[in-house]
Each structure stands twice: as structure tokens, then as C-alpha cells.
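Presented below is the structure to which this report refers.
Proteins get letters first, then strands, A, B, ... in listed order; numbering begins at 1 in each. All values reported here derive from a predicted model rather than from experimental measurement.
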Amino acid sequence: MVQITLPDGSSKQFDQSVTVHQVAESIGPGLAKATLAGEVDGKLVDASYRLDRDARLRIITGRDEEGLELIRHSTAHLMAQAVKRLFPDTQVTIGPVIENGFYYDFARDEPFHPEDIERIEKEMERIVAEDIPVSREVMERDEAIRFFRDQGEEYKARIIADIPADEQLSLYRQGDFIDLCRGPHIPSTGKLGAFKLTKLAGAYWRGDSRNEMLQRIYGTAWPDKKQLKGYLKRLEEAEKRDHRRLGRQLELFQFQEEAPGAVFWHPRGWTLFLTLIDYVRKRQRQAGYVEVNTPDVMDRGLWEISGHWQNYRENMFTTQTEDERVFALKPMNCPGSVAMYKQGLKSYRDLPIRMAEFGKVHRYEPSGALHGLMRVRHFTQDDAHIYCTEEQMEAECRKVIELNLSVYRDFGFDDVKLKFADRPESRIGDDATWDKLESALKGAIDGMGLSYDYNPGEGAFYGPKIEFVLRDAIGRDWQCGTLQVDLNLPERFDATYRTAEGGEKRPVMLHRALLGSLERFTGILLEHHSGNLPLWLAPVQAVVMNITDAQADYVARVASELEQAGLRVETDLRNEKIGYKIRGRTLEKIPYLLIAGDREVEAGQIAVRRRDGTDLGAMAVDDLIERLRAEVANRGTIDDNERQGNE
RNA sequence: GCCGGUGUAGCUCAGUCGGUAGAGCAUCGCAUUCGUAAUGCGCAGGUCGGCGGUUCGAAUCCGUCCACCGGCACCA
């Protein structure tokens, strides 16, 4: 007698042992067909798993999160089987589930080509049609190693060698294909079908660039075709909000071959950039910062003192002048900042000194890392260095965190995560100092009751850090601000302050960035809003247009009134139909289109149309100004739906 | 940096088998003076990413370099 308890609390009796699948059958044929696996007493098992004693059972189908993972995992196996059929000389390695899909890494002399992908997909479909049963078997470790070696699967043998000796090895067989796998898997290949292979890539064995490169194929898989289609549609939508595309469409910036990783800002893009700086500058001033500026090119000696020459050399642009002096373009602002701190004597009464700088830094990023505005070689940081006493350190950290979070809120990012990164392998300073810094920084976050993720070994070479990670409208994470505490640079530069007792002490130095790279933040904003920037950020906030030449003077007058009121306005007096002008300006994602015909001129009004197509009717110019000013002041978006894209 | 792919007019893209290039939109000109997402007609626009090679002849084939795209590695 076996008693199986189901999630709804009901239970079923069986005379003898039953499989998960049989239990499903006893409930209904529809469920039996949909069954992919089971969860027995909290543990995932195959549908063929036999229950021989009382247990709690949950049937897993494509509707469950676990079911979806199973589908993806089994589709990865399906792909591997197809690849082995078509390219028998290929070795399989690993094939995990990832967000929205899976990948599988193959070892092969000849790389895959896009045409191969189509063939592999076709072969996968064939295997699905064959509806091959998937079965599990357990093998001894040595036997398994021998088994895979015999088949020329060296990588599998290496993977097994790394599995702890006490762990049971399971193999999954589907027809002619056998793979080492923890499982569970779907019962037969016929359960799959809604998949697509998406990307081809090289990937290092075990993720280490010193190892050989494998051929990775990415794919996506879903319980049904409809969900697959939905996913592919979402990918398309995401492409539309690509900031590189928007940058061209909205005439914000350009890139050029001669300057890889460097931005050419067009008037509209630069207006946006300056708007960000204005905003940050204002917030910093209110928070007690002063603003400074330090040189871009400084002597090698300075970088030797700071440790950059030893720790960061391969990322630095250098230049040599005729007199043989070696200079470096600053990859960070901190050494210049300390140099400035050291000018003249500092008293404990001066501290904390909060020194901000919109410094343009230059980092020689690997060519393959460059990506639009998101990863460039020359970028502007909204950087600051705070010099304070050890006693002030925690309070200063807290203020930085508060300021950062408040600023992100103003940009509409409410979902912000903190990551704590501690000492990296390559670093300066002794362990006692690091202990002190790490615990102080951690204390500041804990004291604020904030939660954080832990990022071991990811700190800066001079100190531990907190990273601020923003989640955008389509769920992607972006690291923006950072906060780092540092005793090392003050030490290396021998920075001091006069204490109340008349002695000398080292200040603590906090490094912090708010938006991080302004270039990158611009890109994030563009993608977050699909280019529909909120009024306060839009480079051109309104375009005033006439219907016929008769209103040209009036339009110019209205535009200048709006400009007087501090708005960014353009006119469109072209001899074109109003529908044509509206279409063009809408595609430019201008927030407000203001139209004057004879009616408006007569009434001294202006007709107002919003970017999303809403007609606000005619209103007096003063009323419009009041309205726009209010919208700028509260940093509102015209319409939150616009974030979803409006094309 | 590594693997794969791509590079043709300002933009988006077509170009067969190697026979010195084509569309739409935009620009410009003319006509039109018009009421909320495209008025009509016309002109002009290209070192086919750079360099080298094969060939009677190269956008097309080969080599090499550069940039970009998708990943990997990197992101102090």
C-alpha cells in the first residue's frame, strides 16, 4: 500500500509502487500527457520515478517554473543530440539553463557557421517528431569515465573527475545520445518543440581565457509556440530601444572608426548631457560639496605613487613628449584629487572636505568590450573624493548612500540594489587596513538597515566598495554609482591633517560616483525611456509650428516667450502640411507640439498636442508655461505608458 | 584580447554566375498655403570600410588591417 499526498491535501492509495506518471494518469489523461516530472517530498525527479512508499507528490508540467527549466534543460540535450548526429566528431561539454533559455558548449576544430544552425534546428525537429523516450541510468564513476573516454568525450571525463566522489553519477539516454546529467529530464523528446537557436559564440572552457575556446550555441525554449513567439517579440521590442539606434534617430551622438570607444556628441545629445551635469551639480552643492578640476595628462611618476602604474598599466593610455617624459591620460580622478588636497595645510576643522569633479577619464578597454555609450574608452565621471577623519567616515558613507538613492529616485529608478565588494587579489595596503575599511563600510550600510549582495574579491585595488545597481524598465541591471573607502592613497601620497591636539593624522578618503559614467547613464536613460525622455531631460522640449505662412510671426513670438520662461524650444516654419510636421516631430520624440493656425492667433492661444498623441486643445501661452514648468519641476514623464515604446 | 558574423548613397536596405551600381526615405529645386502621424513633380547624391593580390575585367574571389554587431574573457 502506497499513499500519495498531493499539493491540494488530497491523497491517493495505490496497491503497489507507482511512477509519477502513473499517479498523473490516475488523476486524468490530460495531466498525464502534460507531466514532465515530479517533486517527491521536495525533491525533483523524473516522471518515470517509482514511488514505493508514502510520499508527498507534486506533478510538474510546463506551467510550473521547474517545468520550464526542465524544458530548457532537455532542449539543450536535444540540441546536443542533433549536433552529434550531424557532426559526429564534436565533443559535448556542458549545457546549462540560463535566463530565457539555455546554451551548450561544444569542442570542435571547425567552428559552427550560421548555416549549421539551421541544419541543427531541423535535426532537432526531426528528433522531436521521433518522440524518443528519455531514460535515466546510474553508473559507477570509473565506469563512467571509461564510457565517455571510449566515445572520445574527453571533456565529459574531465567533468566527472571533478564531481565529488560520494555523489552518484546519472546518465540520461535518448536513443543514440547519452549525456552525463544530474537530471531530471522530460520523459520523451516529443514533449519539446517550442524552441529556437539564437546565438553562436566562442566561449572559454571553464570560463578561463587561458583555456581553449569552445563553440557555444545559445537557444531559447518555451512550453508552447505562443510563448516562444511572445519572447521573440520582446526581443524585437528591446532592439527598438537600443540606445545606439536611438542616438542616430534622435540625432544625439555618433561614433566613428577613427575614435573607437569615443563619443561625438551632437547638439541635442550634448544638451541632455549638460542637463545631467546641471542636475548633479545642484544636488552636490546642496549636499555640501565643492567642485574642482584636475589635469587630464599627468607624469608617470604620479601614477607610480598612486599604484596605477603597477596595477592598472595595461588599461592606461600613455604619451611621450619630445623631451622623453612619459605621461598618462588619467584613468581615474583620485590621484589628481589627492594632489590637490595636499596643497597647503589641512586642519581637522576643514574636514570633511567633499571635492567633486566632472572628470573625463581614459581607459584602454579591450576592443571586444566596447558597446555604444555603455562601454567606452573615454568617459566623464561625476566623481567626488571626500576627505574626513576616521570618526566621520561612517556618517559620510551614510550621506553618500542617501544622496545616491535620492538621485536615482529623481530619475525614476526605484529598484536599486547594493553590492558590497571586498579586497581583490591585486591590491595595495596591508590586511589590517583592509579589515578596518571593510568593516567600516559594511557598518554604514548595516546601520541604515539596507540589504546588500556580497561580491567577493571585486573591490578596487585601493579599497573595498559598494556598487549601486539600477534596474531599468525592461528588467536589466546597470551598475552606476560606487562608494569606496580608502586609507591607502592618503598613505601613499602622505596626505595629512592637523589634529586638535596639534599632531598629524591621515585622513580617510572616500571615492564616490553618483551616476557613474555620464555617457553610460545617458545610454541607460535612453533605453529605460525608449527615447521618450521626460520633459525635464528632453533636449528639445517643444516645437512650435505654423499651419500656413500667415502665422509665422506669431509662432516666433510664442517660441521666444517659452524660451524666456526657460524652456528648450524650436520652431518649424517649413512650408509643409501640418500632418507632415507632426509626424516628423513625433518621430523625434519631442514631448510637446504646439500649433498655431488663424484661430489660435486670433484668440491669442496655442494648440497643444503631446508626444503620445493626446490633444490638450488650445490654451493661453501663460497657462502652457505654467503647465510645462510644473512638469519639469516634478520631473514627471508625460505618460508612463511611453516607457513601453509607442511605435 | 579570443570565436563567429557584418561593412554598398545621410538613413534603411537590394545587387544573380566576376562584366566598372539600384530602391525607399531624407537632402536640394519647383509647384502647392494646407488644421493634428507622410502633397505632387524633378534634380542631385556612391573610391561599394582601408590596403594588397588573382583576373582582360573585382562590390562580388583570396590575403591582410580597421571598425562595428553577437557572445566569451575583461569592467580595478
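- Looking at heavy-atom distances under 4.0 Å, A:Asp208 makes no contact with the nucleic acid at all.
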Practice item. Spell out protein contact along nucleotides 60-69 of chain B as letters: B when the base is contacted, S when just the sugar-phosphate is, - when no protein heavy atom is under 4.0 Å; keep the 5' to 3' order. Key: ------SSSS
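- For A:Arg248, taking side-chain heavy atoms from C-beta onward, the closest of the listed nucleotides B:A73, B:U12, B:G71 is B:U12.
- For the OP1/OP2 pair of B:G71 and a distance below 4.0 Å, the side-chain nitrogens and oxygens of A:Lys199 include at least one atom meeting the criterion.
- Donor-acceptor pairing under 3.5 Å, judged by distance alone, is absent between the side chain of A:Arg363 and the base of B:C74.
- For A:Ile578 and B:U33, the CD1 to P distance is 16 Å, given to the nearest whole Å.
- No engagement by A:Gly584 is indicated, since no non-hydrogen atom pair under 4.0 Å with the nucleic acid exists.
- The stretch residues 370-387 of chain A participates, sequence neighbours left out, in these salt bridge (charged side-chain N to carboxylate O under 4.0 Å, His left out) pairs: A:Glu365-A:Arg375.
- As judged by a 4.0 angstrom heavy-atom cut-off over every strand, A:Tyr204 is placed among the base-contacting residues.
- In this structure, A:Glu600 has no side-chain hydrogen bond (donor to acceptor under 3.5 Å, both in side chains) partners at least two apart in sequence or on a different chain.
- For A:Glu600 and B:G35, a side-chain-to-base donor-acceptor distance below 3.5 Å is present, hydrogens and geometry of angles not being considered.
- Shown here are the side-chain hydrogen bond (donor to acceptor under 3.5 Å, both in side chains) partners of A:Asp89, two or more places apart in sequence or in another chain: there are none.
- Not counting sequence neighbours, the partners of A:Glu110 by the side-chain hydrogen bond (donor to acceptor under 3.5 Å, both in side chains) test are A:His113.
- Residues satisfying the salt bridge (Lys or Arg N to Asp or Glu O under 4.0 Å) criterion with A:Arg471, sequence neighbours excluded, are A:Asp477.
- Every pair tested for salt bridge (charged side-chain N to carboxylate O under 4.0 Å, His left out) that includes a residue from residues 510-522 of chain A fails, sequence neighbours excluded, so the list is empty.
- Listed by chain and residue number, nothing satisfies the salt bridge (Lys or Arg N to Asp or Glu O under 4.0 Å) test with A:Arg363 (two or more places apart in sequence, or in another chain).
- A salt bridge links A:Arg585 with A:Glu588; the closest basic N to acidic carboxylate O contact falls under 4.0 Å.
- Checked against salt bridge (Lys or Arg N to Asp or Glu O under 4.0 Å), A:Arg245 has no partners two or more places apart in sequence or in another chain.
- Counting only Watson-Crick and G-U wobble pairs whose two distances sit under 3.5 Å, RNA chain B takes part in these stems of three or more pairs: B:1-7 with B:66-72, B:10-13 with B:22-25, B:28-31 with B:39-42, B:49-53 with B:61-65.
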Please output the side-chain donor-acceptor pairs of residues 197-207 of chain A that fall under 3.5 Å, not counting sequence neighbours, one pair per line with the distance.
| unit_1 | atom_1 | unit_2 | atom_2 | d |
| --- | --- | --- | --- | --- |
| A:Thr198 | OG1 | A:Tyr218 | O | 3.3 |
| A:Arg206 | NH1 | A:Asp162 | OD2 | 3.4 |
| A:Arg206 | NH2 | A:Asp162 | OD2 | 2.8 |

Identify each atom pair where a protein N or O and an N or O of nucleotides 26-31 of chain B are less than 3.5 Å apart, giving names and distance.
| unit_1 | atom_1 | unit_2 | atom_2 | d |
| --- | --- | --- | --- | --- |
| B:A26 | OP1 | A:Tyr580 | OH | 3.1 |

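- Counting non-hydrogen atoms under 4.0 angstrom, A:Asp615 reaches nothing in the nucleic acid.
- Side-chain N/O atoms of A:Tyr218 include one lying less than 4.0 angstrom from OP1 or OP2 on B:C72.
- As judged by a 4.0 angstrom heavy-atom cut-off over every strand, A:Arg427 is placed among residues making no nucleic acid contact.
- A:Lys581 comes within 4.0 angstrom of nothing in the nucleic acid, heavy atoms only.
- Using a 4.0 Å heavy-atom criterion, one finds that A:Gly579 contacts the sugar-phosphate atoms exclusively.
- A 6.0 Å sphere centred on CD of A:Glu251 holds no more than 12 heavy atoms belonging to other residues, nucleotides or ligands.
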